[in-house]
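This report concerns only the one structure given below.
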Amino acid sequence: MTHPSVIPIRLANASGPALALAAPPAGQLRRFHAMVKPSGAQCNLDCAYCFYLHKEDLLRQPKKSRMGDSVLEQHIRQYIEAHTGPEVVFSWQGGEPTLMGLDFFRRVIALQQQYKKPGQAIENDLQTNGILLDAAWCAFLKEHNFLVGLSIDGPSALHNAYRYSKGGTPSFERVMDAVALLRQYAIPFSALCVVNRVNARRPTDVYRFLRDQVRPRMIQFIPCVEPTDFQTVAPGHGEPASRAASGTAPAELGGAELAVTDWSVAPQDWGYFLNRIWDEWLRRDYGKVFVDQFENVISQMFGYGPQKCVSAQTCGKALAIEHNGDLYSCDHFVYPEYKLGNILQVHEGDLAFSQRQQAFGMAKHATLPGYCTACAYLELCWGDCPKNRFATTPEGEAGLSYLCAGLKQFYAKASAARGELSRRMES
């Protein structure tokens with residue numbers, strides 16, 4: 001006899017076992033986001049700061065890992081089933097997802113059309129380094145309304161500092177070729193810029209290049225932060241840094257006390273980077289250029305809530321699925337300690353809303369140190385992304401974000417502009 005809270009869902013054409021999805025409470029809207037890694041950690045670049053290339057060894061992935069048709073179909077079917085809202089967003093990342101080839105993504109579109117619910121909108125986005133994009137790729141992306149995220153770290157010298165091929169060949173010119181193609185085919189794309197030790201010290205050069213030369217629909221700045229043991233030790237399982245992040249100086253970056261990689265951005269450099277760009281953006285680009293950090297903090301300051309998970313009070317609804325169907329708590333927590341299960345054995349929706357995953361999400365707030373709960377900027381920050389919380393407070397309490405000092409600089413700058421922003425919004 002089937003338990004009354006479980007609805008058996010059986011689709012005759014689905015590959016693999018037809019798993020049952022536990023029904024949500026009546027009227028409950030259920031949504032989550034899964035970052036799909038169809039090629040695992042495989043990539044055609046060898047970026048020095050990549051947080052994912054080492055997963056091949058850590059997770060013991062076979063060479064040329066690829067998502068098979070049965071796992072792909074199960075993911076698409078289960079992901080759609082688990083969403084009760086009117087829209088489902090599929091995000092394809094890596095490694096490098098274009099290594100899967102166009103036929104794989106044609107299959108994606110076919111399966112999405114097969115399993116989507118009546119009246120349900122399906123959207124796709126693709127995060128890529130752009131190296132393999134050509135006319136055929138762009139025609140496909142345009143036809144199926146893919147939103148593209150393109151990784152680019154600024155003008156040539158800054159981009160090439162860490163982003164190169166496995167043979168050490170710089171990638172900038174090839175990425176700019178991809179920019180030209182995306183613009184030629186009128187494909188909406190975002191620029192994802194990893195802010196590292198090098199480009200963090202030239203904020204206006206980076207911003208003006210992205211704004212004026214790349215001209216994406218949105219600019220995303222991602223701080224590059226990893227402890228030195230990130231390839232083997234999962235977040236939350238290492239020893240906290242002995243020096244408080246609030247006292248970190250750029251010159252100490254990579255020192256033994258901080259134990260971060262030498263390409264990680266220094267906290268004060270992160271604040272400097274955001275503040276210099278904020279000044280120019282507010283003066284001349286407000287309402288014209290979409291910078292995700294700026295739109296996010298404005299949304300929070302005026303009571304509309306966070307647009308980014310890193311500055312939300314809780315997390316847990318942004319997961320990652322590997323090529324073999326293993327589901328992890330977060331894209332930055334793809335470590336054995338955070339594996340929730342495999343979608344060939346347990347329905348993806350049940351894993352995403354499991355008690356274990358809910359506890360993971362709630363821990364972001366529950367483990368805040370007192371230094372954070374007493375902070376004037378708590379409701380703009382909520383302690384930052386849990387992966388960055390490996391520093392100690394001035395009182396020696398664990399759980400402080402490594403970026404704390406820089407975040408405070410930025411939140412002070414943004415908060416001081418509240419009155420001006422209010423006047424602009426009213427005009």
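Not measured: the values here are computed from a predicted model. Side-chain atoms are counted along with the backbone in the values below, which use heavy atoms only and exclude waters and symmetry mates.
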Do the side-chain N and O atoms of [X] and [Y] include a donor-acceptor pair separated by under 3.5 angstrom?
X      : Y      : answer
Asp153 : Tyr49  : yes
Gln112 : Asn124 : yes
Gln127 : Ser91  : no
Glu96  : Thr128 : yes
His83  : Gln120 : no

Check whether any side-chain N or O of [X] sits under 3.5 Å from a backbone N or O of [Y] as a donor-acceptor pair, and report yes or no.
X      : Y      : result
Gln357 : Gly316 : yes
Ser415 : Tyr411 : yes
Tyr52  : Gly94  : no

Look at [X] together with [Y] and state whether they make a salt bridge at an N to O cut-off of under 4.0 Å.
X      : Y      : result
Glu322 : Lys55  : no
Arg389 : Asp384 : no
Lys413 : Asp279 : yes
Lys288 : Asp285 : no
Glu73  : Arg77  : no
Asp292 : Lys308 : yes
Asp269 : Arg201 : yes

Of all pairs that satisfy salt bridge (Lys or Arg N to Asp or Glu O under 4.0 Å), the ones with a partner from [range], not counting sequence neighbours:
range            : answer
residues 130-147 : none
residues 415-427 : Glu420-Arg424
residues 327-343 : Lys37-Asp331, Asp326-Lys339

Closest approach of Ile343 to Gln78 (non-hydrogen atoms, all atoms of both residues):
O-NE2, 3.0 Å
Shortest non-hydrogen contact between Glu280 and Thr204, atoms and distance
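Answer, listing the atom of Glu280 first, then Thr204: OE1-CG2, 4.0 Å.
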Assess whether ring-ring contact (aromatic ring centres under 6.0 Å, His included) is satisfied between Phe140 and Phe146, documenting all intermediate values.
CA-CA 8 Å; Phe140 172 85; Phe146 273 67; 5.6 Å; yes
Give the C-alpha distance, both sets of side-chain angles, the deciding distance and a yes or no for ring-ring contact (aromatic ring centres under 6.0 Å, His included) between Phe230 and Phe51.
CA-CA 8 Å; Phe230 80 99; Phe51 77 103; 8.5 Å; no
Answer yes or no: does atom [atom1] of [X] have more than 12 heavy-atom neighbours from other residues, nucleotides or ligands under 6.0 Å?
X      : atom1 : answer
Arg60  : CZ    : no
Met362 : CE    : no
Gln355 : CD    : no

Run the numbers on Phe410 and Trp270 for ring-ring contact (aromatic ring centres under 6.0 Å, His included), then give the verdict.
CA-CA 9 Å; Phe410 171 59; Trp270 176 232; 8.0 Å; no
Can you tell me how the ring of [X] sits relative to the ring of [Y], calling it parallel under 30°, perpendicular over 60° and tilted otherwise?
X      : Y      : value
Phe360 : Tyr338 : perpendicular
Phe104 : Trp92  : perpendicular
Phe390 : Tyr402 : parallel
Tyr335 : His54  : tilted

Do the two ring centres, one from Tyr286 and one from Trp281, sit under 6.0 Å apart?
yes
Phe32 and Tyr79: CA distance, side-chain angles, deciding distance, ring-ring contact (aromatic ring centres under 6.0 Å, His included) verdict
CA-CA 9 Å; Phe32 67 100; Tyr79 193 56; 5.2 Å; yes
